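Working notes, structure below.
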Number of protein chains: 2
Amino acid sequence: MAASAEPGDPVRTLELLWDARPHSGLGRRPELTLDQVVAAAIEIADADGLDNLSMRRVAERLGAGTMSLYRHVPGKSELFDLMVDRVSAEVSYRYEGGWRDQLEQVARANRAMFERHPWLLTLFPRRPPQGPGVIGKYDAELRAVEGIGLTDVEMDSVLTLLLEYVRGATANLIEWRRLGATQSDEQWWATLAPHLDRLLDRDRYRLAVRVGTAATTAYRGVRDTEHAFEFGLHRVLDGIEGLVAGR
Amino acid sequence: MAASAEPGDPVRTLELLWDARPHSGLGRRPELTLDQVVAAAIEIADADGLDNLSMRRVAERLGAGTMSLYRHVPGKSELFDLMVDRVSAEVSYRYEGGWRDQLEQVARANRAMFERHPWLLTLFPRRPPQGPGVIGKYDAELRAVEGIGLTDVEMDSVLTLLLEYVRGATANLIEWRRLGATQSDEQWWATLAPHLDRLLDRDRYRLAVRVGTAATTAYRGVRDTEHAFEFGLHRVLDGIEGLVAGR
DNA sequence: ATAGATTGCGTACGGCATACGCGAATGGAG
DNA sequence: CTCCATTCGCGTATGCCGTACGCAATCTAT
């Protein structure tokens with residue numbers, strides 16, 4: 001899962017992102033489009049996660065040979081870039097109200113995106129080169145904090161802060177949900193409890209055990225994971241409010 | 001990079017984490033210890049990243065056969081758990097002052113940990129089963145927000161919020177630094193600029209281009225990435241302050 | 001000396017990304 | 001109509017990966 005390196009030609013990637021590689025007219029007519037490849041990859045990642053996304057599986061789903069994909073995409077890393085840009089474009093960004101209301105809507109829109117495509121949690125944020133989806137999203141979100149007295153750099157920082165919170169909080173949310181869904185949950189603790197008792201010094205880690213137990217119990221319910229998300233969101237917005245009010 | 005699944009025996013993992021697998025006395029004496037395996041894995045990950053960490057490389061570094069590792073570690077996923085717990089334990093947690101000062105120290109300590117071990121950024125946070133390192137860290141950090149009028153669940157939420165911020169901000173910080181270090185940076189933009197001009201509608205994405213340029217220019221300098229980290233940190237602490245003050 | 005437990009690890013399997021090169025399809029030039 | 005440059009589809013092959021399996025070596029207790 002080399003989600004990092006981008007050794008390929010960035011210009012080529014840029015052109016793919018901006019859909020600027022039309023068929024020249026010459027040569028054999030393509031049977032596959034870039035969009036189809038990206039769409040298939042997204043479907044697989046949505047269903048089975050990034051770890052189970054392989055070039056072979058994408059090709060299989062499209063009824064094509066594995067190496068045919070490489071006529072449309074330079075490699076897997078660039079495919080990731082294209083996937084991120086695509087899903088960034090698919091959200092409708094219409095934010096209304098004061099800046100705080102708008103930022104709240106931004107947060108919820110991003111959370112929804114992460115929930116629809118959990119694999120984004122490991123891919124986000126993606127560095128340049130960026131495409132129309134990512135830039136359009138950035139542009140729309142910036143409007144929420146435009147004209148409230150912040151400098152350009154501050155606008156970027158505020159947005160980054162908010163999106164980072166949403167990313168992390170959504171990751172936790174999904175993790176809690178997954179943990180709750182994996183078998184009876186009660187049974188899991190029942191199995192581990194005696195071993196934990198044997199190993200864990202409850203006195204030395206008194207505070208951790210107490211708070212950890214409280215948090216685990218609370219987050220077991222859907223209502224409370226929801227509450228945790230809202231709680232953090234309002235802390236972040238409060239922090240931004242202090243900045244904005246001072247202008 | 002199956003950083004997620006934990007299909008193995010959780011009880012076994014727990015015992016490994018808590019160092020509760022002494023040599024029985026019978027049978028061939030082990031030539032390798034669990035600690036050596038974990039330490040070697042951390043060294044490799046520190047140097048070349050998680051993507052270049054393979055069981056073969058760990059074994060090679062230890063002068064052992066690849067499959068010998070599996071006598072000490074159930075699999076790669078559990079090795080990740082052990083690595084996380086180990087590095088969580090290696091930080092000294094002595095926080096002093098008021099809750100806000102302490103949380104600031106917590107943030108800096110975590111940032112330092114992420115900078116020392118960038119691979120943590122993709123592994124963090126790790127769900128149960130957890131070992132003495134992770135729990136000890138959690139316990140120490142909770143003390144920073146103990147006795148200031150928060151409920152147990154709120155204490156957990158506040159800490160989670162802060163650590164998520166630090167994770168994201170440090171990831172950005174490292175990414176900016178890496179981007180700046182990769183070749184002349186000026187040249188990179190110079191190569192891409194004409195293509196961007198051709199593809200990107202500067203009118204449609206006016207705001208994004210303006211703010212993005214400002215942010216990129218600013219973060220080019222070390223001083224300003226540093227400033228960005230502090231900026232976000234203070235926003236988060238301000239947000240928490242509002243909560244604490246209300247109690 | 002032997003039995004039983006434990007470790008080290010060579011071999012092998014299935015999966016992965018992808019480099020390379022060939023054959024098939026296509027449109028334009030002569 | 002013929003050729004040729006161009007582009008696409010993709011079979012084959014290479015070198016990684018995690019790890020299942022089983023045997024040989026080594027140890028203690030008897």
Side-chain angles (χ1 to χ4, degrees), chain A residues 1-9 12-13 15-16 21-37 40-41 44-45 48-83, chain B residues 1-9 12-13 15-16 21-37 40-41 44-45 48-83:
Chain A
M1 191 69 39
S4 41
E6 196 91 40
D9 181 3
R12 165 101 192 269
T13 307
E15 285 177 336
L16 290 174
R21 310 271 298 188
H23 185 54
S24 74
L26 272 64
R28 182 171 171 174
R29 211 166 282 121
E31 303 172 17
L32 228 55
T33 66
L34 177 60
D35 271 2
Q36 282 172 10
V37 174
I44 292 169
D48 298 337
L50 261 203
D51 290 339
N52 294 103
L53 171 65
S54 71
M55 298 302 266
R56 283 167 161 80
R57 278 198 64 183
V58 174
E60 194 182 2
R61 170 173 286 246
L62 293 170
T66 305
M67 292 312 292
S68 303
L69 300 183
Y70 288 87
R71 289 282 175 203
H72 301 89
V73 169
K76 207 181 186 184
S77 171
E78 289 84 355
L79 178 57
F80 286 160
D81 286 333
L82 290 160
M83 291 167 67
Chain B
M1 192 69 35
S4 39
E6 197 92 39
D9 181 3
R12 166 100 193 270
T13 306
E15 286 178 335
L16 290 174
R21 310 271 298 186
H23 184 56
S24 74
L26 272 64
R28 182 170 170 173
R29 212 165 283 123
E31 304 172 16
L32 229 54
T33 66
L34 176 62
D35 272 1
Q36 282 170 11
V37 174
I44 292 170
D48 297 337
L50 260 201
D51 290 339
N52 294 101
L53 172 66
S54 72
M55 299 301 267
R56 283 168 162 82
R57 277 198 65 183
V58 174
E60 194 183 2
R61 171 173 284 246
L62 294 170
T66 305
M67 292 313 292
S68 302
L69 300 184
Y70 287 87
R71 289 285 175 202
H72 301 90
V73 168
K76 206 182 185 184
S77 171
E78 289 83 354
L79 178 56
F80 286 160
D81 288 332
L82 290 160
M83 290 167 67

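Please read these numbers as outputs of a predicted model, since none were measured by experiment.
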Self-check item: Set of residues satisfying side chain to side chain donor-acceptor pair (under 3.5 Å) with respect to A/Asp35, sequence neighbours excluded
Solution: none

Quiz item: Taking only residues two or more places apart in sequence, or in another chain, which ones meet B/Arg56 in a salt bridge (Lys or Arg N to Asp or Glu O under 4.0 Å)?
Solution: none

Self-check item: Pairwise distance CG(A/Leu79) to CG(A/Leu53) - rounded to 0.5 angstrom
Solution: 6.5 Å

Exercise. For nucleotides 4-13 of chain C, just jot down a letter per nucleotide in 5' to 3' order: B, S or -, based on protein non-hydrogen atoms under 4.0 Å.
Key: -BBBBBBBB-

Quiz prompt | Pair listing, salt bridge (charged side-chain N to carboxylate O under 4.0 Å, His left out) test, anchored in residues 59-74 of chain A, at least two apart | solution = A/Glu43-A/Arg61

Exercise. Mind checking side chain to side chain donor-acceptor pair (under 3.5 Å) for B/Arg21 and listing every partner two or more places apart, or none if nothing turns up?
Key: B/Glu15

Quiz item: Who are the side chain to side chain donor-acceptor pair (under 3.5 Å) partners of B/Glu31, not counting sequence neighbours?
Solution: B/Arg28

Quiz prompt | Minimal non-hydrogen separation, B/Val58 against B/Ala40, with atom names | solution = CG1-CB, 4.1 Å

Exercise. Walking along DNA chain D from 5' to 3', note the first and the last nucleotide with an atom under 4.0 Å from a heavy atom of chain A, and give both.
Key: D/dT6 to D/dT12

